[in-house]
Amino acid sequence: MAVDADRLLSFTQAAFRAMGLDEEQAAITAGALVYSELRFHPGQGQGVRRLRAYRERIGGSVIDPRARFEIVKESPALALVDAHNGLGSVTGVRAMRLAVTKAKTCGIGTVVVRGSTHYGSSAVHAHEAVHAGCIGIAFTNAGPEMAPWGGATPMVGTNPWAIGAPGGHGFPVILDIALTTAGKGMMRWHARENRPMPLDWALTPDGEETDDPVAAMQGALLGIGQYKGYGLSLMTDVMTGVVSGGAFGRTPYSDPLRQDVAHTFTAIDVEWFMPLATFQERMARLVDDIRTSRLRPGFSEVLVPGELEHRRETQKRRDGVPLDKAVYDDLKALAGELGIPFAIEVGA
């Protein structure tokens, strides 16, 4: 079933307002969820399906929508922020906007955050910088799900990255990756579809490789590129939790009432180096050159990061946003619980 993107956004904003968020918070958080819904594969577990989880976390005091965005320490190019258990998506957007402001003065700005909560898709925050004519970099740590190379116990997080740059073909080039080969959202999707998963995704609790997503849900995830993903995840903890004075390794999410997630946001002002139009022209040349690669058997084209997501968004805005029946029914039920209209009828 497919629903109109604008109506889905309006409903999601109304739901967040009914949960007690102010207008700015509701707009940012709803925008982040719908952004993910438009751009990403449903198996990634992002998007409006997380709306109920937000309600439960806000209602259960896991997230404080009235928390201060406290700048603990600041210089022209740097800032340390304590989010005080506030909304991660709101904290992330505010922190990246602060990084952009610093980049417009210094050429580069970095804001490190501690005491935050789940901030959604990293691409949302990198894209915030791109909108301002900057290269945007967003890192976050997460709860322990990945085994260190050679180990079987989850010790570090998926610790996602996003790096975005203004593009020259009508869409930004945005890399958005977890540092595991796949996340549990994709494993749940494979389980729902009754599909085996690749052997390099996860381990059983005994540390054995498996293609059974149900068995793997109880074990540890594996890093991208074997030991390389583990190393990148560890160093992401250094650049977020360790340096900020926040949680790292096994401690993010360990307290059910305080997620204590840490993020790092960097904005690099393109115009410090050259006019934005010149940069975009050079980006277009880079993309065009990449696309000239001879194709491997079984492939019909070469894409750049963010291109597939751009196509998904364009198609969904035109044809409607497909939602699983279970997700649609849950949104409808949530509307009744919150006492708000449900104006996202199928095909509207």
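Remember, predicted model here, so these are calculated numbers, not experimental data. Computed from heavy atoms alone, side chains included, the values below leave out hydrogens, waters and symmetry copies.
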- Item | For the student: nearest non-hydrogen atoms of D237 and G249, plus distance | OD2-N, 3.0 Å
- Is the shortest side-chain N to carboxylate O distance from K332 to E337 below 4.0 Å? no
- Query: Does atom CZ of R296 have more than 12 heavy-atom neighbours, drawn from other residues, nucleotides or ligands, at distances under 6.0 Å?
  - Reply: no
- Checking T29 side chain against A26 main chain: does a donor-acceptor pair fall under 3.5 Å? no
- Short question: side chain of K316, backbone of V3 - any donor-acceptor pair under 3.5 Å? no
- Please report the shortest heavy-atom distance between G136 and A126, naming the atom on each side. O-CB, 3.7 Å
- Between Y35 and R39, do the side chains contain an N or O donor and an N or O acceptor separated by less than 3.5 Å? yes
- Is the backbone N or O of G157 less than 3.5 Å from a side-chain atom of S233, with the two atoms forming a donor-acceptor pair by type? yes
- Query: Quick one: does Q259's side chain have a donor or acceptor within less than 3.5 Å of a partner on H118's backbone?
  - Reply: yes
- Note on the structure: Y230 and M146 have their tightest heavy-atom pair at CA-SD, 3.5 Å
- Exceeds 12 heavy-atom contacts within 6.0 angstrom, atom CZ of R311: yes
- Item | Enclosure of M217 CE (heavy-atom neighbours >12, cutoff 6.0 Å) | yes
- Residue pair F265 / G92: nearest heavy atoms and the distance that separates them: CZ-CA, 3.5 Å
- Query: Does S36 use its side chain to pair, donor to acceptor, with the backbone of A32 at less than 3.5 Å?
  - Reply: yes
- Message: Assess the residue pair R285 and D289 against the criterion (salt bridge (Lys or Arg N to Asp or Glu O under 4.0 Å)); give the C-alpha distance rounded to whole Å, side-chain angles, the decisive distance to 0.1 Å, and a yes or no.
- Response: CA-CA 6 Å; R285 285 164 46 199; D289 190 40; over 6 Å; no
- Message: How about CZ on R291, more than 12 heavy atoms from neighbouring residues, nucleotides or ligands closer than 6.0 Å, or not?
- Response: yes
- Side-chain contact test, heavy atoms from C-beta onward, threshold under 4.5 Å: evaluate it for I108 versus D269 and give yes or no. no
- Task: Decide yes or no on side chain to side chain contact (heavy atoms under 4.5 Å, CB included) for V243 and L80, but give the supporting numbers first.
- Result: CA-CA 10 Å; V243 75; L80 172 64; over 6 Å; no
- T236 and N159: side chain donor to acceptor below 3.5 Å: no
- Message: For the backbone of T158 and the side chain of E145, can you confirm whether one donor and one acceptor N or O come within less than 3.5 Å of each other?
- Response: no
- Test of ring centre spacing under 6.0 Å for H84 and F69: no
- Item | Straight-line distance of D255 CG to N85 CG, nearest 0.5 Å | 8.5 Å
- Message: I want to know whether F279 and F273 have ring centres closer than 6.0 Å.
- Response: no
- To the nearest 0.5 Å, tell me how far I63 CD1 sits from Y54 OH. 6.0 Å
- In terms of the angle between their ring planes, are Y119 and H263 parallel, tilted or perpendicular, with boundaries placed at 30° and 60°? parallel
- Task: Please test I224 against T180 for side chain to side chain contact (heavy atoms under 4.5 Å, CB included), starting from the C-alpha separation and ending with a verdict.
- Result: CA-CA 5 Å; I224 57 174; T180 48; 5.7 Å; no
- Do V238 and I137 share a hydrophobic cluster, counting only Ile, Leu, Val, Met, Phe, Trp and Tyr and linking them when any side-chain heavy atoms are less than 4.5 Å apart? no
- Indicate the atoms forming the closest heavy-atom contact of P213 with M197, along with that distance. CA-SD, 3.7 Å
- For T210 and T204, test the side chains for any donor-to-acceptor distance below 3.5 angstrom and give the result as yes or no. no
- Query: Do the side chain of S244 and the main chain of G246 share a donor and acceptor less than 3.5 angstrom apart?
  - Reply: yes
- In the single-linkage hydrophobic clustering (I, L, V, M, F, W, Y; side-chain heavy atoms under 4.5 Å), do V113 and M235 co-cluster? no
- Message: With a 4.5 Å cut-off on side-chain heavy atoms, are T266 and I268 touching?
- Response: yes
- Can you tell me how far the CD1 atom of I174 sits from the CD atom of E309, to the nearest 0.5 Å? 8.5 Å
- Query: Within the distance-only criterion (no hydrogens, no angle test), does the side chain of T314 pair as donor or acceptor with the backbone N or O of H310 below 3.5 angstrom?
  - Reply: yes
- Are T240 and F248 side-chain neighbours, meaning at least one heavy-atom pair lies under 4.5 Å? no
- Query: Would you call R66 and D22 a side-chain contact if the rule is heavy atoms closer than 4.5 Å?
  - Reply: no
- V81 versus V112: any side-chain heavy-atom pair under 4.5 Å? no
- Message: Could you tell me if the side chain of L87 sits less than 4.5 Å from the side chain of Q25, heavy atoms only?
- Response: yes
- Message: If hydrophobic clusters are built by linking Ile, Leu, Val, Met, Phe, Trp and Tyr wherever their side-chain heavy atoms come under 4.5 Å apart, do L203 and V214 end up in the same one?
- Response: no
- D319 atom CG: more than 12 heavy-atom contacts under 6.0 Å: yes
- With the threshold set at 4.0 Å, does a side-chain nitrogen-carboxylate oxygen contact exist between D260 and R114? no
- Under 3.5 Å, is there a donor-acceptor pair between the side chain of T101 and the main chain of R97? yes
- Item | Spacing of CG belonging to D82 relative to NZ belonging to K73, to within rounding of 0.5 Å | 15.0 Å
- Give the ring-plane orientation class for F11 versus F342, where under 30° counts as parallel, over 60° as perpendicular and anything between as tilted. perpendicular
- Cluster link L222 to Y227, ILVMFWY, side chain under 4.5 Å: no
- Query: Who pairs with A129 by side-chain contact (heavy atoms from CB on, under 4.5 Å), at least two apart in sequence or on another chain?
  - Reply: M96, V100, C134, A267
- Distance col, row D212:CG vs M187:CE, nearest 0.5 angstrom, shows 9.0 Å
- Salt bridge flag under 4.0 Å for residues E56 and R50: no
- Item | Flag side-chain contact, heavy atom, 4.5 Å: F16 against M19 | yes
- Query: Do E24 and R94 meet the salt-bridge criterion of a basic N to acidic O distance under 4.0 Å?
  - Reply: yes
- Query: Transitively linked via ILVMFWY side-chain contacts under 4.5 Å: V111 with F139?
  - Reply: no
- Any chance you could lay out the side chain to side chain contact (heavy atoms under 4.5 Å, CB included) test for E74 and L78, step after step, and finish with the verdict? CA-CA 6 Å; E74 188 173 19; L78 291 169; over 6 Å; no
- Task: State whether the side chain of T91 and the backbone N or O of A83 hold a donor-acceptor pair below 3.5 Å, judged by distance alone.
- Result: no
- Message: Between V261 and Y253, is there a side-chain heavy-atom distance shorter than 4.5 Å?
- Response: yes
- Quick one: do the W161 and S122 side chains pair a donor with an acceptor below 3.5 Å? no
- Query: Do E271 and K104 sit within salt-bridge range, that is, some charged N less than 4.0 Å from a carboxylate O?
  - Reply: no
- Message: Determine whether M283 and H169 satisfy the following criterion, side chain to side chain contact (heavy atoms under 4.5 Å, CB included), listing intermediate values before the conclusion.
- Response: CA-CA 8 Å; M283 285 293 293; H169 284 293; over 6 Å; no
- Distance, nearest 0.5 Å, that separates CG of L331 from CG of L338: 10.5 Å
- Message: Testing the basics here: between M155 and P144, what is the closest heavy-atom pair and its distance to 0.1 Å?
- Response: C-CB, 3.8 Å
